[in-house]
Amino acid sequence: MDDKIEGGCKCGLVRYSGFRSDAPMFRCHCRDCQQLTGTGHSEIVPLVANSLSIGDALKTFEMTGGSGRLTFSGFCPNCGSPLTRRSERMSDCIYVHAASMDDPSKYYPAKPIYREAA
Ligand SMILES: [Zn+2]
Ligand SMILES: [Zn+2]
């Protein structure tokens with residue numbers, strides 16, 4: 001699959017583009033996602049890590065994920081939009097938040113929940 005994904009933060013300072021990974025998209029309800037997004041969950045789209053190009057302005061927050069391995073959360077230092085997620089455990093993937101995609105209709109989680117409310 002070589003579906004190109006482009007997106008960026010709310011204020012436009014950080015832009016990215018990359019290609020979809022074969023890994024499934026998913027919705028994550030863990031505490032990290034709640035705290036980082038300020039909502040009940042993250043909508044996550046996996047991209048091929050080495051296909052991603054992203055603006056230098058991106059800030060990265062480092063934390064220990066549920067797996068006990070380091071997890072990196074990338075966000076815009078200006079508007080605070082959460083943009084990327086990367087884990088030591090899955091080093092060939094980088095995850096982007098679906099809400100940051102230019103075309104969010106490309107997001108189709110493997111298990112849609114309350115999709116009509118989106
Ligand atoms: Zn921004
Ligand atoms: Zn999560």
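Order of listing sets the numbers, starting from 1, for every ligand and every atom in it.
Side-chain contact between Asp3 and Lys106 is present, with at least one heavy-atom pair separated by less than 4.5 Å. Side-chain atoms of Ile54 and Val14, non-hydrogen and from C-beta on, do get closer than 4.5 Å to each other.
Considering Arg85, Glu62, Gln35 as possible partners of Ser73, the one that fulfils the side-chain contact (heavy atoms from CB on, under 4.5 Å) test is Arg85.
Counted by atom type alone, Tyr16 and Glu6 present zero donor-acceptor pairs between their side chains at under 3.5 Å.
Among the atoms of Cys28, an N, O or S atom falls under 2.8 Å of the Zn ion (ligand 2). The Zn ion (ligand 2) has no N, O or S atom of His29 closer than 2.8 Å.
Salt-bridge formation is detected for the pair Asp102/Arg15: a Lys NZ or Arg NE/NH1/NH2 atom is positioned less than 4.0 Å from an Asp or Glu carboxylate oxygen.
In terms of modelled atom types and a separation under 3.5 Å, the side chain of Thr71 and the main chain of Ser87 share no donor-acceptor contact. With hydrogens and angles ignored, the 3.5 Å screen pairs a side-chain donor or acceptor of Arg20 with a backbone N or O of Pro46.
Rounded to 10°, the angle that SG of Cys33 and SG of Cys30 form at the Zn ion (ligand 2) is 120°.
For the Zn ion (ligand 1), the set of protein N/O/S atoms nearer than 2.8 Å consists of Cys9 SG, Cys11 SG, Cys76 SG, Cys79 SG, ordered by chain and number.
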